[in-house]
Structure formats: C-alpha cells, structure tokens
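Here is the structure we will look at, set down as structure tokens.
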Amino acid sequence: MSGVEKVYGGTGLSASQVEDGSIFVEHDALDCEYTWDAGVAIGRYLQELKNGRIIGRECDECRRILVPPRMFCEICWRPNDRWVYVKDTGTVNTFSICYVNWDASRIEPGHPPHLPAVIELDGATKMIGIMHILGEVDPQAIKIGMKVKAVWKPEEERTGAITDIKYFKPY
Amino acid sequence: MAFRERIEKNTGNIFRSSEEGKYFPVVSRYTAGVAGQKFLEEIKENEKIFGTRCSKCEITFVPAKLYCERCFARMEKEHWVDVGTRGTLYSYTVAYEEKDGSPKETPSIIGAIKLGDGLLFHWIKESSADDLEIGMEVDAVFKPKGERRGSLVDIDYFKPKK
Amino acid sequence: MRKVAVVGAGMTKFVRRALETPKELSFEATKAALDSCEMKLEDIECVAHGSAPDAFDGIHQKGEYLADGCGGWNKPTMRVFNGGATGVHAVCHGWYHVASGMFDTCLVVCEEKMSNAMPHAQGFFLTIFDHITERPLYPNLLWIFAMEMNRYMEAYGYTKEDMAIAGALIKNHALNHPAAQLTEKVTVEDILNSEPMAYPVYRLDVSPVSDGAVAVVLASEKVARRLTDKPVWIEGVGWNVDTSYWTNKDLYYPRYLEVAAKMAYDMAGIREPHKEINIAEPYDPFNYKALHHMEGLQLSPRGKTVELLRDGHFDLDGEIPMCPSGGLLGVGNPIAAAGTVKIAELFYQLRGEAGKRQVPGDPRLGVAHAWGDLMQASSVVVMGK
C-alpha cells in the first residue's frame with residue numbers, strides 16, 4: 001500500500017484503556033495563578049473602557065490609528081504620537097457562530113451559540129479592529145459588513161476590562 | 001509587602017489568569033510509556049524493581065528505559081534486569097516547608113537512591129536525618145498489594161537496612 | 001553556504017492516544033530515520049529538534065526533556081519553537097547547522113503528544129490569546145480559524161462546498177500513507193454534513209488531534225553523496241512573522257507567507273513558482289488553509305484557486321499536486337511533527353519512493369510549508385533532486 005517509509009511505534013490506546021487503570025497514568029494540573037500588569041497603553045485603554053469610551057493611539061508616520069493601543073508603531077518601529085478616541089460603533093469584518101466552548105466542550109442544549117467577531121471600529125484606520133462578541137442578533141442574520149454598536153455594562157458594574165462592553169449589536 | 005500586593009497598590013490594572021480561586025481547569029494525564037508500563041507492572045504485581053541494561057555501553061538504566069540514550073539500541077526483553085529492592089543512598093535532603101512556603105508539621109526526607117546505574121527519588125522513613133549516611137543501604141517498602149495501582153508510589157518509601 | 005541534503009526520514013504512526021511517552025515517540029521516529037539511511041547515532045554530529053507549546057505534553061522545558069529521545073545525549077542540541085510553523089522551521093534550523101559548515105550531519109526531530117491535555121488540548125489554546133484584551137472573552141482556537149475562513153470565503157465568493165472538495169482531496173491521499181490516523185474514505189458530503197463546530201468550520205473541516213513524531217537526517221554534500229545515490233537537496237529556506245495584532249490586518253491573504261516563500265524561492269533560483277514547483281505541501285490544519293496557503297505560496301492566483309481545484313489542477317496527477325501525503329487533515333496533526341511530515345513526503349516523492357501516493361511524471365521540485373502562532377508565522381522549505 002505504500003513505499004519505503006519507515007514507521008516505528010505509535011501504539012494507539014482506546015479511551016477506556018486509560019480510564020480503567022489497565023494502562024498506568026498519572027495526573028497533574030498547574031497549581032498556580034498569574035497576575036499581569038496591564039502596562040502603559042492597555043492600562044489607559046482599560047481606564048477608558050471603564051469610562052465608556054474606546055481609545056487608540058495615532059502614528060504620524062503611517063497615519064494609522066491603532067486599537068488596541070500600543071505606545072509604539074510596529075510597522076514604522078517608532079514611538080507613536082497621541083491618544084485618539086474612536087467611536088463605539090463599527091463594521092463586522094468577520095465572525096463565527098460557535099457551538100463549542102473554550103475547552104472544546106459542546107455548548108449546553110438550548111444555550112445560544114458564541115458569536116465572536118472582528119469589529120473594525122469607526123474612527124480607527126480601515127482594517128484596524130478588535131475581537132469581541134455579538135449579541136441581540138439572530139446568528140443566521142449576521143453578515144460581514146454589518147454595522148454594529150457597543151452595548152456597555154452599567155457604569156457601576158464596569159471594572160476596567162474588555163468585558164465592560166457586554167457585546168456589539170446591530171444598529 | 002508581597003509583590004502582588006505591591007503592584008496592585010501602585011496600579012489599578014492587574015489581571016489574573018483566572019477568577020479568584022478558580023484555577024486554569026486543564027489537567028495533564030501522563031502515560032508511563034512502553035518501558036514505564038512494564039516497569040510499573042513489576043512493582044505493582046511482583047514487588048520488583050527493573051532496569052534495562054545496555055551491554056555495549058555497560059549501563060543499567062533505572063527506571064527501565066525503552067532505549068539506550070547513548071547508542072540508541074532498543075532495549076528488548078533480554079535487556080531487562082531485576083536490580084533488587086535494596087539500593088544505596090546516593091544523596092538526600094530534608095524538606096521543612098510545603099511547596100507554598102508554609103512550615104511542614106513533620107519534616108520529610110527525600111532520598112536519591114542508587115539502583116543499577118540510575119537514581120530513584122523517593123521518601124526515606126523509619127529514620128531520622130541524623131542517622132542517615134550517604135552510601136548506606138536502603139530497602140524499598142511496598143504498599144499492600146490491594147493499594148497498588150501501577151505507580152512509583154506503590155513503593156511507600158525506603159528505609160535503612162536493618 | 002554549503003549544499004545540504006535530506007538523506008533519511010522516519011516517523012511513528014500517528015494516533016489519537018499513544019502509549020509511548022514523548023521521549024519514546026521521539027526515539028521511535030529518530031531510530032526509523034537513522035535506519036532508513038543505515039546510519040548510527042554515532043554518525044550524527046548535532047540535533048535540531050522542534051516541539052510546539054510545552055503545555056500539550058504537559059512537560060515544562062520539554063526541549064531538555066526530549067533531547068535524549070531525539071538522539072541528543074552528549075551532542076550540541078537546540079530546540080526551535082514557533083507554534084504550528086515549528087515542523088518546517090526546525091528543518092530551516094537544522095539546515096543552518098550543516099550549511100554553515102559547522103556540522104556534516106544533523107538530526108531534525110519534531111514531536112507532539114496532544115492527548116496528555118485533559119479534557120482536550122483545545123483548553124490550552126486559550127493561553128495564546130492576549131491575556132488582557134482577548135482572554136476574558138474565553139476564546140478558543142476555532143474562533144480565529146472560523147473567522148479567517150469566513151473572511152477568506154467572503155473575499156472571493158468561495159463556498160463551503162469548495163472548501164470541502166479540498167478537504168476530501170487531501171484526506172483521501174492519507175489512505176495510502178502508512179503513518180496515517182485516518183483510515184476511512186471521506187466524501188465531500190461527509191464533510192458538509194459533519195457537526196457544525198464554529199460556522200463556517202464543521203467537524204471534518206478540521207484535522208484530527210494526534211500524538212506522533214517525525215525525524216529527518218540532514219547531511220552535507222560530501223557525506224550525502226557517500227550515503228546515497230538519491231540525495232534530495234534543500235534548495236531554499238524562508239520564514240517570516242507578522243504582527244501579533246491579528247485583528248489589525250485583513251485575514252483573507254497571508255502576506256507573511258508570501259514573504260517567506262519568496263525568500264525560499266529566491267535562494268532556490270525560482271522565478272515562476274507556479275510553473276516550476278511540481279509538488280506542494282501547504283500547511284492544512286483546516287481544509288480552507290490548504291487553498292489559502294496555495295495563494296500565499298504563489299502557486300495559485302488569488303481568487304482563482306477554487307476554479308483550479310475543481311479543474312483537477314491540484315490532484316495527484318494535476319499540474320501541482322497538493323498535499324499528496326494526506327496532510328494534517330488525513331495523516332494527523334501532532335502540531336510540530338505534522339509540519340515535518342511534509343518534508344518527509346517531499347523526500348519520498350522526489351526519490352520516487354512514495355508508493356501509491358507517488359506523483360507521476362518524475363517530479364523534480366517541491367515546496368513544504370508550515371504555519372503557526374496567532375495567524376502570523378510561516379516557514380517554507382524548497383526541496384529538489
């Protein structure tokens with residue numbers, strides 16, 4: 001059936017063999033937690049999200065307005081120049097209708113699918129977008145190019161996180 | 001002030017890898033492998049410790065390995081050797097702290113026990129650290145058969161030869 | 001730079017759950033590669049090995065752990081790692097060891113054991129996303145593939161059926177690959193009717209999760225000519241990485257791959273790759289990715305790829321056979337090892353030793369590609385006889 005390929009080993013096991021104890025296994029899990037400093041650019045980005053606004057950085061050399069903000073332009077390789085607010089409206093650049101959770105488990109029956117999207121924000125340069133999720137929309141009606149608007153958590157519930165925007169909805 | 005408290009005080013923007021108390025819920029499951037399966041089976045079923053001996057390189061690997069790492073010979077059935085359950089204490093240390101830094105109720109002794117040309121790490125019990133000497137002989141103490149599951153901890157601990 | 005040849009290749013069978021430890025998998029592949037060219041470990045001067053995130057095998061500093069299984073005991077040994085691009089990148093890395101004149105022989109070994117991650121390797125992919133601006137949304141890897149596929153199809157009006165045709169073509173090649181995880185024929189309908197996971201990605205649009213290892217032996221010209229009458233030369237290598245701000249670019253076209261491919265083609269003296277390349281092994285963790293990468297590799301004009309696919313241009317007996325190995329989609333996807341399968345495939349194909357998968361017409365030049373990280377990295381190797 002084949003040529004001269006040398007194939008050694010690769011002994012396949014069934015799921016039950018590793019569960020019934022006939023194949024010896026050990027289990028271990030990472031027992032620690034990380035804390036991250038958000039840094040200069042993302043620190044300000046999060047503070048502004050808490051205020052109900054989205055902020056980016058502008059580079060005077062390539063004229064791009066960058067979101068999420070960073071203090072340097074990776075294309076021009078120089079410190080960029082100023083803070084610029086962008087709008088909380090934008091255009092769906094691409095999306096998915098996802099029936100799988102983050103750990104590959106399937107969503108519960110009756111649970112609506114996850115609706116991740118890349119949203120190009122109004123006021124930022126074309127093709128500059130962020131990843132977020134869509135809501136208040138029939139999944140089958142989502143189209144690339146659809147206009148969407150951020151739905152914010154109430155001010156008192158915001159913590160300075162990307163999740164201060166609950167989702168984006170069509171408008 | 002701990003590092004985390006310090007950065008939390010100085011900046012408002014600290015992010016954790018999980019919600020408080022909810023660790024990253026992915027677990028690793030390790031098979032013992034082709035050689036490891038047989039190695040552990042001998043411990044579990046027969047209270048025996050096996051190595052594999054490469055006669056060309058004159059090395060006895062403990063725990064048993066599938067291959068000689070020096071010449072890449074495959075260790076077949078005839079290479080398996082019973083190295084006995086008595087080893088020599090190559091080195092040891094005494095642990096006074098748990099891994100989170102809190103003091104242990106009773107300090108524990110961890111030994112590096114030479115069997116064949118390899119070292120097994122295991123607990124040393126039935127002895128105080130003061131009575132231990134590098135080079136002394138130690139014996140494996142196995143758990144009762146019903147409690148063994150095919151694991152290095154089917155050997156409960158090692159103790160100095162009586 | 002000196003000429004460098006591939007003189008041997010070997011691999012384990014790819015399986016969903018392997019009994020072997022990661023070291024043992026590496027040993028089996030390495031032993032097979034040495035046996036294929038009748039070499040001994042003592043003939044090897046250095047080792048270049050590749051493995052993707054430590055998280056999958058669940059072994060921190062996996063490079064050091066794997067080294068003795070890769071034949072690295074008491075030898076200069078170096079690991080490379082750039083996610084999915086590792087399997088071809090490790091060969092670029094090994095190529096340098098020999099081309100530079102430092103060494104005459106080099107083992108390149110790539111391994112991954114995905115089944116150690118419980119309940120599923122997918123869980124660890126959460127950690128590749130930005131820890132502050134993306135991870136709180138609990139994304140999984142399917143999200144970004146699905147969104148790239150959606151954008152790609154939208155850009156040219158390609159359909160899910162078009163993508164499934166590519167998937168079936170590649171998967172079925174694997175039926176003739178002795179290491180393959182896939183053992184049953186898959187039809188376009190099977191793919192289109194499989195479980196929707198993340199629209200537009202369905203279950204059979206995706207490669208299986210696998211354990212496995214692959215190794216190849218590299219040699220300088222003088223050693224290669226002594227060892228074999230049929231050395232396969234590494235004619236060019238290239239690699240490139242784009243920004244990790246993956247939402248700040250258009251995903252429909254992998255520009256970084258174009259740059260990597262041009263680097264390799266320039267080195268190989270190739271001006272018109274679509275006319276000169278006889279075999280392509282684009283990276284194919286998802287069926288659309290193979291087509292996306294054929295465009296990036298300059299082997300198909302942007303937007304015309306589906307037309308060529310439907311005309312049989314990429315069939316085994318077509319102009320540029322695509323993934324004759326069976327690819328990640330069929331042979332399986334132990335991340336780093338999956339890329340090296342493509343190098344091994346060009347080795348077999350260019351020597352005329354690929355059995356039922358053999359591309360007809362005496363192929364002379366092939367290209368292998370692997371892709372990875374956050375929609376941003378590509379590594380390319382051009383091989384010829």
Side-chain angles (χ1 to χ4, degrees), chain A residues 1-15 17-18 23 27-28 30 34 36 38-39 42 45-46 64 66-68 70 74-75 93-106 113-114 116-120 125 127-133 139 144-145 161-163, chain C residues 9-20 24-25 28-29 31-33 35-36 58 118-120 122-123 126 131-134 136-140 142-143 146-148 150-151 154 176-179 196-199 201 211-212 243 245 247-251 348 353-358:
Chain A
M1 84 171 226
S2 58
V4 300
E5 303 92 337
K6 287 267 185 205
V7 181
Y8 293 174
T11 311
L13 300 172
S14 67
Q17 276 177 294
V18 281
I23 294 294
H27 293 85
D28 203 1
L30 193 64
Y34 291 92
W36 294 290
I42 296 299
Y45 181 57
L46 298 178
R64 291 190 307 159
L66 304 165
V67 189
R70 48 272 195 187
E74 73 276 7
I75 292 180
N93 171 285
T94 186
F95 68 94
S96 172
I97 305 166
C98 191
Y99 304 93
V100 173
N101 297 319
W102 70 276
D103 59 356
S105 60
R106 304 303 191 260
H114 305 289
V118 174
I119 295 143
E120 289 179 45
T125 305
M127 282 308 146
I128 296 292
I130 60 168
M131 181 172 74
H132 218 289
I133 52 175
I144 288 174
I162 191 67
T163 47
Chain C
M11 59 192 76
T12 67
K13 192 163 169 32
F14 287 5
V15 292
R16 176 65 186 88
R17 276 171 222 87
L19 169 63
E20 285 88 349
E24 290 177 340
L25 287 170
E28 295 288 8
K31 183 86 170 161
D35 285 358
S36 78
M118 297 293 295
H120 195 282
Q122 187 61 236
L126 179 65
H131 48 281
I132 293 177
T133 60
E134 294 175 342
L137 301 170
Y138 276 87
N140 65 42
L142 288 170
W143 284 20
M147 290 197 283
E148 188 180 66
N150 202 358
R151 187 73 195 162
E154 174 83 8
N176 293 317
H177 197 297
M197 297 186 80
Y199 173 86
V201 171
D211 295 347
T243 171
Y245 293 101
T247 60
N248 285 186
K249 63 186 184 189
D250 203 324
L251 297 172
Y348 300 134
E353 294 176 345
K356 278 194 180 171
R357 305 190 312 282
Q358 183 62 48

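Because the structure is predicted, anything quoted here is derived from the model rather than measured. In the text below, chain A, chain B and the rest are named by the order of the sequence lines, each starting its count at 1.
The two atoms that bring Lys6(A) and Ser36(C) nearest to each other are CG-CB, 3.8 Å, heavy atoms only. Listed here is the closest heavy atom pair of Met131(A) and Pro139(C): CE-CB, 3.8 Å. Heavy-atom minimum distance, Gly10(A) versus Val15(C): O-CG1, 3.5 Å. Contact between Ala104(A) and Gln122(C) at its shortest, heavy atoms only, is CB-CB, 3.6 Å. Across Asn140(C) and Asn101(A), no two heavy atoms sit closer than the pair ND2-O, 3.0 Å. Closest approach of Asn248(C) to Gly129(A), counting heavy atoms only: ND2-O, 3.0 Å.
Inter-residue side-chain proximity for Thr133(C) and Ile130(A) is flagged as unmet; no heavy-atom pair is nearer than 4.5 Å. No side-chain heavy atom of Gln17(A) sits under 4.5 Å from any side-chain heavy atom of Arg17(C). Side-chain atoms of Leu137(C) and His132(A), non-hydrogen and from C-beta on, do get closer than 4.5 Å to each other. Side-chain contact between Arg70(A) and Tyr245(C) is present, with heavy atoms from C-beta onward closer than 4.5 Å. Between Asp103(A) and His120(C) there is no side-chain heavy-atom pair separated by less than 4.5 Å.
Taking the six-membered ring where the residue is Trp, Tyr199(C) and Phe95(A) present parallel rings, their angle staying beneath 30° rather than reaching 60°.
Taking chain A as the reference chain and counting heavy-atom pairs below 4.5 Å, the highest number among Leu25(C), Asp250(C), Leu251(C) is found for Asp250(C). Highest contact tally toward chain C, considering only Ile75(A), Ile133(A), Ile144(A), is held by Ile144(A) [criterion: heavy-atom pairs under 4.5 Å]. Chosen from Gly12(A), Pro116(A), Pro113(A), Ala15(A), the residue pairing most often with chain C at heavy-atom distances under 4.5 Å is Pro116(A). Note: Val67(A) leads Thr125(A), Ile23(A), Leu66(A), Val67(A) in heavy-atom pairs under 4.5 Å with chain C.
Using a 4.5 Å cut-off between heavy atoms, Ala179(C) touches chain A through backbone and side chain atoms alike. Contact annotation for Asp35(C): both backbone and side-chain heavy atoms come within less than 4.5 Å of a heavy atom of chain A. Contact of Arg16(C) with chain A is not made at all, since no heavy-atom distance falls under 4.5 Å. The contact between Lys249(C) and chain A is made entirely by backbone atoms, counting heavy-atom distances below 4.5 Å. Proximity to chain C (any heavy atom under 4.5 Å) is shown, for Ser105(A), by neither the backbone nor the side chain.
Counted by atom type alone, Glu20(C) and Thr11(A) present one or more donor-acceptor pairs between their side chains at under 3.5 Å.
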(request) Applying side chain to side chain contact (heavy atoms under 4.5 Å, CB included), run through Glu353(C) and Glu5(A) and close with a yes or a no. (result) CA-CA 8 Å; Glu353(C) 294 176 345; Glu5(A) 303 92 337; over 6 Å; no
